[in-house]
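Residue numbers begin at 1 in each chain, while the letters A, B, ... track the order of the sequences. Just so you know, these numbers use all the heavy atoms, side chains as well, and skip hydrogens, waters and symmetry mates.
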Number of protein chains: 2
Amino acid sequence: MDRIEATYYVETPYPLADAAAVMAGEQSSGTFVAIPGETEALKMQYAARVERMEELETVAASSLSGEQLHFEKYHRGKVTISWSLANFGANLPVLCSTLMGNLYELRQFTGIKLIDIQLPDSYTTHFRGPKFGIEGTAKLISSQAKTPLVGTIIKPSVGLTIEDTADLVRRLAEAGIDFIKDDELMGSTLNSPFADRVHAIMEVLKNHQDKTGKKVMYAFNISDEMDNMLRNYDTIVNAGGSCAMVSLYSVGLTAVKRIADIGQLTIHGHRNGWGMLNRHPLLGVTFSAYQKLWRLAGVDQLHVNGIRNKFWESDESVVKSIKACLAPMEGIRPALPVLSSGQWGGQAIDTFKLTQATDYLYLAGGGIMAHPGGISGGVTGIKQAWEAAVAGLSLEEAMQKYPAVKQAVEKFGGAKS
Amino acid sequence: MDRIEATYYVETPYPLADAAAVMAGEQSSGTFVAIPGETEALKMQYAARVERMEELETVAASSLSGEQLHFEKYHRGKVTISWSLANFGANLPVLCSTLMGNLYELRQFTGIKLIDIQLPDSYTTHFRGPKFGIEGTAKLISSQAKTPLVGTIIKPSVGLTIEDTADLVRRLAEAGIDFIKDDELMGSTLNSPFADRVHAIMEVLKNHQDKTGKKVMYAFNISDEMDNMLRNYDTIVNAGGSCAMVSLYSVGLTAVKRIADIGQLTIHGHRNGWGMLNRHPLLGVTFSAYQKLWRLAGVDQLHVNGIRNKFWESDESVVKSIKACLAPMEGIRPALPVLSSGQWGGQAIDTFKLTQATDYLYLAGGGIMAHPGGISGGVTGIKQAWEAAVAGLSLEEAMQKYPAVKQAVEKFGGAKS
């Protein structure tokens with residue numbers, strides 16, 4: 001039977017092979033002494049197996065605390081473990097517990113990070129994946145829409161009245177925006193109840209569509225308890241919307257898949273909370289590995305941060321996440337990478353240079369709202385920056401050709417961006 | 001309006017007050033420049049507020065990477081932030097995104113860990129919390145059951161046939177066990193489909209109940225997609241079971257609450273994957289903080305690791321988690337702490353000394369299965385060790401009084417336990 005493989009970057013004071021054996025043991029039969037009933041035949045079929053190991057650097061100090069003993073050296077390396085599909089069925093939470101479960105607790109490791117997952121076709125075939133993905137998202141906006149799609153976040157995140165929000169949406173639509181989203185901190189608040197917000201915004205966007213033929217996509221944050229999420233989803237569908245946003249880590253894999261399975265709206269996957277799982281180089285999981293589970297769950301649009309973002313993440317890491325979302329997965333569509341965080345157009349040229357791709361949803365908050373040319377200047381500046389990027393212009397050249405790019409550089413270029 | 005408070009242990013190269021202001025900004029209005037529409041009145045009501053700060057140690061090297069600049073010193077301290085309830089409604093995922101969202105990405109911090117949450121009564125009143133909790137769990141087993149309840153995990157975790165599993169369950173019940181659980185890696189496998197396993201095991205347990213009046217609680221792992229979880233839940237109810245197990249982090253907050261809301265079964269909350277969120281001292285969240293969200297979601301039994309566990313966690317940290325689960329929360333029952341990992345009875349005396357409590361579900365896997373006196377000796381040894389603990393005996397004295405404790409010490413006492 002086919003097997004699922006997972007590769008970990010690990011650190012351990014013990015010989016790598018011994019530590020890998022502990023990991024495989026914990027993630028299959030798993031107790032601290034040999035016990036009756038654990039036959040060789042059973043182990044052959046159900047036990048996790050160490051497939052490959054690669055020794056890497058040795059360090060003098062441990063990254064995380066483990067054994068309460070002193071060691072002179074800690075070995076780092078890559079370990080690939082495999083499990084038979086017989087252990088799972090098409091059950092994402094149990095797969096998640098197997099790949100990212102108790103193994104993070106093992107004292108034999110002073111570092112453990114999941115860096116890759118390989119899923120056989122016989123597994124992925126049980127999943128539909130993103131129903132809309134890149135092309136589906138663009139088509140829902142208009143037959144002429146092309147990537148990068150330009151979007152923004154309603155700011156201030158929390159506190160605007162529905163009237164102010166709807167008015168802002170109207171101005172954004174008139175400025176040529178493709179996509180707008182709720183902030184992840186915005187659910188249903190006292191002065192902006194969910195259903196009222198949906199109705200007010202969709203009325204604005206339908207008016208805009210009647211005039212222009214373009215249906216700006218609005219990602220309403222439906223993150224909530226299950227029944228409320230389903231009701232919120234229906235509210236969007238009935239109001240003629242095209243997108244539901246979910247906070248992936250706050251809502252969780254099971255409810256996100258339940259929502260994505262409905263298939264009437266694109267699913268915008270926000271990754272707030274992600275820093276907990278990834279910020280340490282030797283703990284947690286990389287996004288290039290984790291995005292496979294979210295794609296299997298059916299998320300169409302996945303946040304990946306952006307180049308020269310306002311957060312801690314390096315450009316190298318962002319590029320890896322982008323490429324992973326766009327990489328083929330048997331029978332499963334790519335997810336549309338959502339670039340955001342301190343973006344204002346100035347990063348378009350480098351983003352294109354580093355990835356040679358334009359299949360993005362490119363979000364700017366302050367980069368649009370605070371542009372010297374107003375909202376319209378903000379949207380135009382970003383679209384022109386991407387034209388310049390694809391044409392191979394430098395930022396200098398783009399500034400000369402496009403006044404809105406010049407204004408953006410003058411306003412944001414010196415900022416920590 | 002009442003406010004929710006969260007306290008973080010942080011590290012930053014900047015003055016603590018400046019860094020705290022960035023955190024509060026990101027977790028309310030949140031963009032990188034001042035924008036129109038963000039009025040003072042709006043900020044007053046909806047903005048996060050820095051309530052308190054406490055300067056702690058200064059260190060020369062950063063814990064996590066942040067700004068790409070060199071600093072001489074990094075300041076550590078505690079920062080308490082508050083938000084108005086007007087921002088949330090009774091929406092756990094949005095609360096989660098607010099307390100544990102993008103703030104982990106801030107480059108201004110080289111360490112950030114959520115260490116406490118204070119929820120006003122006007123918030124917790126919207127939640128039922130654990131329907132059964134400690135007393136409810138015990139009562140479902142028998143009117144005579146008293147804590148600590150002694151339980152075990154079916155081992156090998158994966159691979160046993162249903163017949164072998166049912167036979168093991170019968171022997172465990174006959175040995176006097178109170179509680180048995182699936183392993184978290186066990187969902188529905190080729191040779192142990194979920195419904196068949198439930199029926200076979202419940203038949204054994206009902207026979208045992210007919211003979212003895214005691215209904216051993218079995219936690220079937222229902223973790224799966226939403227519809228499967230609901231079906232699995234019904235399968236347990238219809239077969240006369242009393243407990244459903246969920247892998248909290250693999251399933252997620254929304255689906256766990258949906259399941260707990262049904263209220264016909266106790267909910268056993270397994271915390272595999274937790275290491276990712278807690279293992280670094282300056283990243284993620286402490287269990288004493290996070291358990292409040294799981295209690296609000298209605299989880300009755302919460303894994304907290306155990307004293308001298310086989311994992312990396314210190315006894316001090318385990319004791320904090322235990323005390324947090326048992327601590328009062330307005331209108332919300334305590335959760336029953338589930339002690340496990342390398343437990344065999346020898347830790348009973350220290351567990352009682354450190355906590356002065358017996359309201360536990362005490363799980364031993366190998367500690368029961370591999371006891372020299374067989375399963376019966378294993379269960380008896382643990383019960384006797386707890387009797388000794390409550391009577392104030394030392395382990396030496398307990399060994400002299402109770403042969404099954406003596407056997408356990410001789411077998412496991414020298415092990416890394």
Exercise. What pair of heavy atoms forms the shortest contact from B:Y104 to A:W312, and how long is it?
Worked result: O-CD1, 4.2 Å
Exercise. So what's closer than 4.5 Å to chain B heavy atoms on A:D164: side chain, backbone, both or neither?
Worked result: neither
Exercise. Taking B:R258 for the side chain and A:E225 for the main chain, is one N or O donor matched with an acceptor at less than 3.5 Å?
Worked result: no
For this session: Flag the one option from A:G252, A:A86, A:P281, A:A90 with the top tally of heavy-atom pairs under 4.5 Å to chain B.
Result: A:A86
Exercise. A:N228, A:V246, A:N191: which one forms the most heavy-atom pairs within less than 4.5 Å of chain B?
Worked result: A:N191
Exercise. Which value, rounded to the nearest 0.5 Å, describes the distance between B:M226 atom CE and A:M229 atom CE?
Worked result: 11.0 Å
For this session: Specify which of A:Y249, A:F109, A:W83 makes the most heavy-atom pairs with chain B at under 4.5 Å.
Result: A:F109
For this session: With a 4.5 Å heavy-atom cut-off (strictly below), which parts of residues 96-103 of chain B touch chain A? List them by number.
Result: B:C96, B:S97, B:T98, B:M100, B:G101, B:N102
Exercise. Out of B:S65, B:P93, B:G275, B:S84, which one racks up the most heavy-atom pairs below 4.5 Å with chain A?
Worked result: B:P93
Problem set entry | Which atom of A:E105 lies closest to which atom of B:F311, heavy atoms considered | O-CB, 3.1 Å
Exercise. Nearest heavy-atom pair of A:V285 and B:M276: which atoms, and what distance?
Worked result: CG1-SD, 4.1 Å
For this session: May I ask you to decide if B:L64's main-chain N or O and A:R279's side chain share a donor-acceptor pair within less than 3.5 Å?
Result: no
Problem set entry | Check: B:N91 side chain, A:S223 main-chain N or O, donor-acceptor pair, under 3.5 Å | yes
Exercise. Are any non-hydrogen side-chain atoms of A:L190 and B:Y46 less than 4.5 angstrom apart?
Worked result: yes
Problem set entry | Residue among B:L248, B:L293, B:V251, B:N305 with most heavy-atom pairs under 4.5 Å to chain A | B:V251
Exercise. Can you tell me if B:T254 uses its side chain to pair, donor with acceptor, with the backbone of A:D224 under 3.5 Å?
Worked result: yes
Problem set entry | Portion of A:T110 that has a non-hydrogen atom of chain B nearer than 4.5 angstrom | backbone
Exercise. Is A:D227 close to B:D261 at the side-chain level, that is, under 4.5 Å between some pair of heavy atoms?
Worked result: no
Exercise. Hey, is B:E313 close enough to A:R107 for a salt bridge, meaning N to O under 4.0 Å?
Worked result: no
Exercise. What part of B:S314 lies closer than 4.5 angstrom to a heavy atom of chain A: side chain, backbone, both or neither?
Worked result: neither
For this session: Output the option from A:L168, A:L253, A:N278, A:L277 having the highest count of non-hydrogen pairs under 4.5 Å with chain B.
Result: A:L253
